[in-house]
Structure formats: C-alpha cells, structure tokens
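So that the names make sense, note that chain A is the first sequence line, chain B the second, and so on, each numbered from 1. The model shown is predicted, which means the values in this text are computed figures rather than measured ones.
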Amino acid sequence: MAITNLDRRRFLAATAAASAATMVAPFVRTSHAAGTLSVGFWDHWVPGANDVLTKLCNEWAAKEKVELKIDYITSQGSKILLTIASEAQAKSGHDILALPTWYATAQARNLEPVDDIVGPLIAQFGNAVAVVEYLGKQNGRWLAVPATPGSQTKPPCGRIDLFKQHVGLDLTRMYPVGAPPDKALADKWTWDTFLIAAEKCFKAGYPFGLGLGQTTDSVDWVGALFASYGAELVDPKGKITVNSDATRQVLEYARRLVKFLPPDVFAWDDSSNNKWLIAGKGALIMNPPSAWAVAKRDNPKVAEQLWTFPSPKGPKGRYDPGLPYFWGIWKFSNNKPAAKSLLTYLSRRPAIEALVNASGGYDIPGFSGLRDFKIWAEQGPPRGTIYHYPARDDQIVSISAAPAPTVIGSQIYAQATVTKMIAKCTQGGESIDKAIAWATSELEGFMRV
Amino acid sequence: MKRLLRRKSTIAFAMALPLLLIIASLVIYPAFYSIYLATLNKSMERFVGLGNFGFLFTRETFWMVVKQSVIFAVSAVFFKALIGFFVAHFVHNVPTRGQRKWRGMLLVPWVIPPAMSTLAWLWLFDPSYSAFNWIFEGIGVHGVNWLGDPYWARFAVILVNVWVGAPFFMIMYLAALKSVPEQLYEAASIDGANWWQKLWFITLPMMRNIIAITALFSLIVTFANFDIVRVLTSGGPVDQTHVFATWAFQLGIASSDIPLGACVSLFMFPILGVAAVFILRDISQRGNEA
C-alpha cells in the first residue's frame, strides 16, 4: 500500500478545495433532516403489540425524515417508574416517555403541555374519559397525550356457567354482545346482588377472587367499591373526608364480603387473581382481559366460560376501575416539534385501531368516541367475551383515590390506603372507627407539601 | 518529582485511584446527593432543612418500619451467625477429601442472585398454591397463611434472609477455624479440657474478631435489604414487613415523594454508623491488647 505524506501545502490545498465545494454544493435533504427522536414506550405483554407500534412509528419517521430510536421499557420490577424518576432527575433521556396513571401529574413541572395535540383529538373523538382527564390534565392544561397501549379497565370477569348454576344469573343476557345491556338485569346488578352472588359461589366452592393486598388489582376494585358508595377519602379541594357515613357503609359491606373470599386475599398480588380464575378455582375476578387471554392458552375450558362485564352499581353509580397510560414530552426534549408530530400521528383513528387490534382488545383508547372497534365484539371464545370491557353505558371509569388532588391521590393509591383500611377492620380485628382514625392520620401525612 | 513518583505510597495511590474514583462517583456522590434530596420539599422546589426528618418522626408507620427493620436485621443476623457457626464446624470436621464438595453445595444459596431465589421461595409460600401447604395438607395439617398473616410473613422474610446469608457466615467462620493453631487444642486436650471448654476458651476467643466483623458486615447488608421483602411481600400485609429500603422505595418511587424516600433511606446510616463505631472500636482495642 502506498503511503503519501501529507505536507502543509497539500493539506491547505485540500481543505481549501473542500471548503469551496461545500459552499457551492446545493443543500441535499438527508434521510434524517428533521433530527433525531428518542422514545421510551411501555413494553406490552401481548406478543406482537410492540411490533405494530414500531411499524407505525417507522412509517412516521420515514415520512418526516426523523431518525427514531425506540426503547420498550417494562413495568416489571417498576422499571418504568425508575426510568421516569431518573430521567426527571437527570433532565436527560428520552424525548417522549410512557407515563402510567399518576406519573403525568407527578411530573407536571417537567412536561411540555400538549393542549395543541389533545384539544383537536377531543374535537374529533369526543371527551376524554373521566379518569383520563383526572390524571392527564392539571390546572386546565393537558400534561400528556392519552396513550392507547397499556390503558386498561378492570371490570368483573366472571364464569358464565358458575353464575348460571349457582347464582341463577345469565351474564351473557345481562350484558349481550353487540347490544345494550338488558336494563332490568343491569339495574339489579348492584353491590348487594354482588354480595349475594359472592356468598352463593363461596358456598358452592368457587369464591370470588378479589385481592386485598397492596398491589394495583386490589387497590383498583376496592377504589371502585368506595366510589360507588360515594366514600371519598379526600375531596377535590384536598380536605380529608374519610370520616363519613359512606366510608362506614363501605367498610361494613367489606366486612360481610370478606367472609366469602379466600382467606389469603390479604397477601394477593396482581397475578394471584389471574391464577385463581385460570385454575378454575373462582367464579369472578376484577381484571383486564389478560386473565381470559392466558386462560385461552393454558386452560381453554375455563376461557370458554369467561365473560367480562361492567362493575356492580352502588348508591352513587356504577364505577369501573381504570388505569390509563400517557405519552409525555419532557421539557428538556431537543426535538419537541418532532415529538408532537409523532404523538399526533399515533393518535389518529386508524393508528389507535391498529394498536387496539394488536393488543387483542386489551388496550382501551382514552376518548369516549372510540368504543366502536370490531375487535371487542369479535374476540372469543366465547365470541364477544370482552365486548363490554370498554365502558360504553352507565359506567364511570375512575381510579382509586379520585377525586383527591393528584398529589395526594397518588399517595393514597401507592400506599394502598383503601385496602389497608379493610384489612385493619377485618383481618386485623380493629373497629371501623379505629380503621378510619388510622386512615385520617395517614391522610394528614399525605398532605405534606 | 521523579522521587515523588518513585515513592511506594505514590504508586499505591495511583493504583488505587481507579477504585477511589468509582467509589467517589457511585457511592460518595449519590450519598451526598441523597442528603441534598432529603432536605427538599415534596415538589423538590424548596429547601426545608431537616423538616422531612421531623415529619417522619410524627408518622406511626415510620416507627413501625424502624421496629420491623431492627427485628428483621437483628434476628436474621443472629440466626445466620448461629447456623453459620454450626455448619462451619460440621464442614471443618468433614475429611479433607469431601470438604470441597460440601463447601460448594452449602454456598449455593449465597451465590444465586437473591431476587431469583426469592422467587422460588415465593412459590413455596404462595398464598393459594404454597408447596409447603400442599405437603401439610397431605399429612392432614392445616395450611399456613404464610404471606397473609403478619407474623408468618415476618417469619418468611427472615427465614429467606437467613437461608441466603448463612453460607457467608459459614465460609468466614470456616476460614477462621482453619487458622486456629492445632497445638492449642492439643495442649487443651493434655490439660483435660472437654469439647465445650475447647470451644469456649480457644475457638471463640480466636474467632472473636472475625465474628464481630462478619456480624457488622452482615448487619449493614441486612439492614439495607430490599429484594427479599420486595419480592416476597412488597411490605405487606398492611406494611407489617416493610424495612427501610422497601418503604423508601414505596415513598420515593411509587408515591413520587423522592425527598421523603431519600430521608427514610438515610435513617439506616446513623444506626449502622453507631454499630460500626462500637464494633470496630472493640476490634481495634483487642488488636492493641494483643
């Protein structure tokens, strides 16, 4: 190989030529002319769901000439929460990050407002669901864009055969596929009926699998129970309101219900109720259709008998637990226009439908007008098993601890105050007044600013 | 300058420098940063001095966590030391040929990452499908609510910690036992000492320093334990198995109150600091006496 020595004269000549060429050359738009964008999405548990999201993103990136980097971050081991906390501290990381439930408002000061994205979406798809607005909007400003992947509700999922046999209730008639609910039956579907059904199934050897531990599945269904009785721990202004007749009523109810639940529910985590249903040990759980999806694979005979339908109604309404996800743009993002463009692209109706389909109907869009996708009616067996999974009728989708200001609500939720209250006055053998006094003291602590 | 570079201490410092830099960046900086975080208000916008610490003192759950952390760490270290001591004697008395096999097998619980082995324990204690309960029911005994009953849940987390940590004590004690001169035992035998007297007057005094250092080291690690409690109980039922690290995580990350979480995690520091001072002072005094 010939080696040429680069002397001073030749170096100067070469650089001068290069500079001249640069100055006269026309501007060529490179494949990544609009810069780079780094995104951290939630790692979906449904096989193939991430691929559809990646495909949509790549379509957008090719069109907009943006160099896109996608990371899928699992929620296992709270990794997504750790990522949020560390990026917020470091003021560095992804441009867009998936934010579960309380973490959009928790990071409000670090997020770029997205009213310019969400406003047109509301105009197009109807209002955001109550829980989405509660967790995504603060002081009249949208902090993050409601994300479809990961957003879920946790209504009851019951056994058609066991309900017919032991409760005398046809779930498929009460909430039929592709049609509104049977009004007479749905009106009777109250927490009192639920208690009677729980007792009957317990006596038949198929207790309801309702956790009372400290993880989200437990906190969510108990939150719906509290809400349907109007038992608020803290009101929207931040005033502690736990010491109320409504709370006493709920705790009295819980005392009666706990007798018909498995004795170990106080130690249940988010997988316990799924296992309970899939193993054929129980007649009902409150969960997204992941339990049904796993049963379809592992115990098809049980899956064929599962039906997802709205929660029972209480004196203050019918509340379904809901856990929305958001996509937030960090204020420190270097490419906010590209980030907003991507989120707008992913929030178009065809994109949302593709994402819902990819999740097998597990993901629920955050807008009330997006409840007509075919997937929910087509999934089975039994066909239409998750038709009533998205709230369409008289359900109010809410989250445990609402309507407390989110800075307090997030702590009520994370500390599982509601399930602990029940545990104290049932397993712990304390009086209801003592459980309320304990909760009051906890809530006073959460008020710290 | 040349003379300075040739000095042994300069070379030693240069060789230790990479480690010092790693410690500074991964231990000292985060430690000071967490002190800084602990002095901020909840929204991390305002300096509140020691306000967060004062606030914690007023919380019932905090004192419960203090009590539980102490029960957890002290009882776990005690049983680890006890089991490690007996097993070390057992292995020490195994003929040399088979000893390596025993040592290897007994170290397995300590070698497996605790998060993984605790998952296996979780299946054994599973609320609905406990393998232990399955065996109990097979012999006609009622199953135990391992993780749902506060007392059994505490027992379970301590048991797993002892299972994971006892091999460390065993290997340290075994090394100490091997360093005790055989002549001392021979002399004691000639004087008519029985096994208990040999243990009390020779083995234990000779192992005293290693016992103290191992206990201190283990106390620090056990106080700071996170994975076992997190995987087995997540602090439940009703917070009754939380230790400092898991409660700090619950407050700081899950509840988005990083200053309070930092504050809880810093409470381990003075407790362990006091323990370290006393134990190390004792060791150094004995060193001077010798």
Side-chain angles (χ1 to χ4, degrees), chain A residues 77-78 81-82 84-86 88-89 102-103 105-110 209 211-216 218 262-273 275-276 279 281-282 406-408 410-416 419-424 427-428 430 438 441-442 444-449, chain B residues 33 37 41-46 48 51-52 54-56 58-62 115 122 125-130 133 142-150 152-153 156 227 230-242 246-247 249-262:
Chain A
S78 304
L81 305 188
L82 291 165
I84 295 165
S86 58
Q89 284 297 301
W102 301 95
Y103 295 87
T105 49
Q107 296 298 337
R109 66 186 182 282
N110 294 318
L212 284 168
Q214 293 172 216
T215 52
T216 61
S218 300
D264 48 12
V265 286
F266 299 98
W268 277 22
D269 61 20
D270 289 344
S271 68
S272 306
N273 52 353
K275 285 189 277 186
W276 187 254
K281 294 180 92 169
T406 52
V407 69
I408 299 164
S410 62
Q411 291 178 85
I412 297 173
Y413 188 90
Q415 301 296 328
T419 57
K420 285 178 191 167
M421 283 172 77
I422 293 179
K424 278 184 174 283
Q427 187 198 34
E430 292 178 11
W438 169 83
S441 158
E442 286 286 290
E444 282 164 3
F446 298 161
M447 299 289 161
R448 180 179 138 271
V449 286
Chain B
Y33 189 60
L37 288 175
N41 72 332
K42 193 174 181 176
S43 56
M44 301 170 70
E45 288 162 329
R46 197 159 39 86
V48 292
N52 290 332
F55 169 77
L56 274 179
T58 65
R59 309 313 306 157
E60 190 189 329
T61 313
F62 170 72
L122 178 65
F125 290 132
D126 187 283
S128 307
Y129 308 95
S130 162
N133 285 352
H142 262 298
V144 175
N145 193 357
W146 294 106
L147 305 177
D149 179 273
W152 280 113
D227 36 19
R230 179 78 189 163
V231 173
L232 269 192
T233 65
S234 287
V238 198
D239 295 330
Q240 289 177 91
T241 55
H242 263 311
T246 54
W247 199 50
F249 181 86
Q250 196 66 23
L251 290 176
I253 303 296
S255 308
S256 300
D257 193 344
I258 287 178
L260 204 61

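Between the side chain of A:Arg109 and the backbone N or O of B:Glu45, no donor-acceptor pair lies under 3.5 Å. Here the side chain of B:Gln250 pairs a donor or acceptor atom with the backbone of A:Ala414 at under 3.5 angstrom. A donor-acceptor contact shorter than 3.5 Å links the side chain of A:Gln427 to the backbone of B:Gly148.
By number of non-hydrogen pairs under 4.5 angstrom with chain A, the leading residue of B:Gly236, B:Ala153, B:Gly252 is B:Gly236. In terms of non-hydrogen atom pairs under 4.5 Å with chain B, the most contact-rich of A:Ser441, A:Gly77, A:Ala279 is A:Ser441. Ranked by heavy-atom pairs under 4.5 Å with chain B, the first of A:Ala85, A:Ala106, A:Ala423, A:Gly445 is A:Gly445. Your options are B:Val238, B:Leu251, B:Leu147, and the one with the most heavy-atom pairs under 4.5 Å with chain A is B:Val238. For the options B:Asn145, B:Leu37, B:Thr61, heavy-atom pairs under 4.5 Å to chain A are most numerous at B:Asn145. The candidate with the highest count of non-hydrogen atom pairs below 4.5 Å against chain B, out of A:Trp268, A:Phe266, A:Tyr413, is A:Trp268. Each of B:Gly143, B:Ser256, B:Ala254 has some count of heavy-atom pairs under 4.5 Å with chain A, and the biggest count is that of B:Ala254.
Atom CZ of residue A:Phe446 and atom CZ of residue B:Arg59 lie 8.0 Å apart, to the nearest 0.5 angstrom. Atom CG of B:Asp126 sits about 8.0 Å away from atom CG of A:Asp264, to the nearest 0.5 Å. To the nearest 0.5 angstrom, B:Asn41 atom CG is 7.5 Å from A:Arg448 atom CZ.
Using a 4.5 Å heavy-atom threshold, the side chains of B:Ser255 and A:Trp102 count as separate. Residues A:Gln214 and B:Asp239 are in side-chain contact: their nearest non-hydrogen atoms beyond the backbone lie under 4.5 Å apart.
Within the 4.5 angstrom heavy-atom criterion, only side-chain atoms of B:Ile258, from C-beta onward, approach chain A. Heavy-atom distances place the side chain of A:Lys281, and not its backbone, under 4.5 Å from chain B. Proximity to chain A (any heavy atom under 4.5 Å) is shown, for B:Trp152, by neither the backbone nor the side chain. Using a 4.5 Å cut-off between heavy atoms, A:Val265 makes no contact with chain B at all. Both the backbone and the side chain of A:Glu442 come within less than 4.5 Å of a heavy atom of chain B. For A:Pro263, the part sitting under 4.5 Å from any heavy atom of chain B is the backbone (N, CA, C, O) and nothing else. Neither the backbone nor the side chain of B:Phe125 comes within less than 4.5 Å of any heavy atom of chain A. Contacts between B:Ser128 and chain A at a heavy-atom distance below 4.5 Å involve backbone atoms as well as side-chain atoms.
Within a 6.0 Å radius of CD in A:Gln89, other residues, nucleotides and ligands contribute more than 12 heavy atoms.
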